[in-house]
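What follows is a short report on a single structure.
Read the numbers this way: they start at 1 and go in the same order the structure lists the ligands and their atoms.
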Amino acid sequence: MPNFVCGRFELDLTQPRIMAIINVTDDSFSGDGLRGNLDGALNKAERALAEGADILDLGAESTRPGSDPVPEQQEIDRLVPLIEALQGCGVPLSVDTLKPSVMRAALAAGADLINDVNGFRAEGAVEAVAAGTAGLCVMHMQGEPRTMQQAPQYANVVDEVGAFLVRRTEVLLRAGVRRERVLLDPGFGFGKSTEHNLALVRGLGALRDLGYPLLVGLSRKSLLGAITGKPVEARGPASVAAALMAVQYGAAIVRVHDVAPTRDALAVWQAMS
Ligand SMILES: Nc1nc2ncc(COP(=O)(O)OP(=O)(O)O)nc2c(=O)[nH]1
């Protein structure tokens, strides 16, 4: 598998990688948002790096079910100082946004990866990222965060998610994006029922066969609450187990809140595989 190209970095994905979630939001579902608190976010980033994070994913707009959009200038004002402060941190800086103007501001500030939960569907999103070498995570979402969990429907969720990801990626490639810059993500919890999410976990191998590295985000999500009955703050062990299963099924990168336990679990997985 060729290295994943993301900005100033090339990531070797022959071993599973950890993307640490750094939310500077008001209302993230996991309650970990740092409300635009730059020092808090920097401390969290430093801890994630010390614990072995391979990528930092910076987000300033919650995309939890039922969430409302954040004004783009507020998103930019929260993200740009953080991106600038983390220059030179030694790992790729990912920015979790679906707004083209925020993508442009993030890239100008030095972001290495754009993580778009909307699959670069917004008007101008493809144009905002096509040039350059930033990594691009194409994620599937059915509907929009505000309403996506009301009644998600699929005839075959793995086939439909896969077809969407291929369509969006082909748009990027036609715009001149090199395939080594692309990650795919099925978007757990983004317009999916528990059954849909479980089918997608078991279907990760089929999505991996599309020919691009997979990014998977299951950490603390409602799927784990449905399985364990635990509230979001008690889903750490389930999140580690889910990350292991995702890697076992073919994920190249896991997006997590808790880096240290995930790092240990992946070390055990690698030693025993
Ligand atoms: N690529 C990708 N990006 C994502 N961004 C946000 C969330 C939601 O999780 P979180 O950031 O913890 O919550 P919130 O969006 O409420 O801040 N999940 C994903 C995901 O599964 N994949």
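Residue-to-ligand polar distances place Asp96 within reach of ligand 1: an N/O pair is separated by less than 3.5 Å.
Looking at Val117 against ligand 1, only its side chain comes within 4.0 Å, counting heavy atoms. Residue contacts with ligand 1 for His257 involve side-chain atoms from C-beta outward but no N, CA, C or O (heavy atoms, distance under 4.0 Å). Residue contacts with ligand 1 for Thr63 involve both N, CA, C or O and side-chain atoms from C-beta outward (heavy atoms, distance under 4.0 Å). Residue-level proximity to ligand 1 for Cys137 is carried by the side chain, the only part with a heavy atom below 4.0 angstrom. The proximity of Arg64 to ligand 1, defined as any non-hydrogen pair under 4.0 Å, involves the side chain as well as the backbone. Contacts with ligand 1 closer than 4.0 Å are made by no heavy atom of Leu218, backbone or side chain.
Atom 20 (C) of ligand 1 has its nearest heavy-atom neighbour, among Lys221, His140, Glu61, Met141, in Lys221.
With contacts defined as side-chain heavy-atom distances shorter than 4.5 Å, the pair Leu93/Gln87 qualifies. Side-chain atoms of Arg255 and Ser219, non-hydrogen and from C-beta on, never get closer than 4.5 Å to each other. The shortest side-chain heavy-atom distance between Leu183 and Leu214 does not fall under the 4.5 Å cut-off.
In this structure, the side chain of Gln248 does not engage the main chain of Leu244 through any donor-acceptor pair within 3.5 Å.
The shell of residues lying under 4.0 angstrom from ligand 1, judged by heavy atoms, excludes Gly187.
Enclosure of atom CD in Glu123 is not indicated, since only 12 or fewer non-hydrogen atoms of other residues, nucleotides or ligands lie within 6.0 angstrom.
Short contacts between ligand 1 and Gly217, defined as distances under 4.0 Å to a heavy atom of the residue, involve ligand atoms 21 (O). Short contacts between ligand 1 and Leu215, defined as distances under 4.0 Å to a heavy atom of the residue, involve ligand atoms 1 (N).
Annotation: cation-pi pair Arg208/Tyr249 absent, no NZ/CZ under 6.0 Å from the ring centroid and within 45° of its normal.
Aromatic ring orientation, His140 versus Tyr154: tilted (interplanar angle from 30° to 60°).
Ion pairing of Asp258 with Arg235 is absent here, as no side-chain N (NZ or NE/NH1/NH2) approaches a carboxylate O to less than 4.0 Å.
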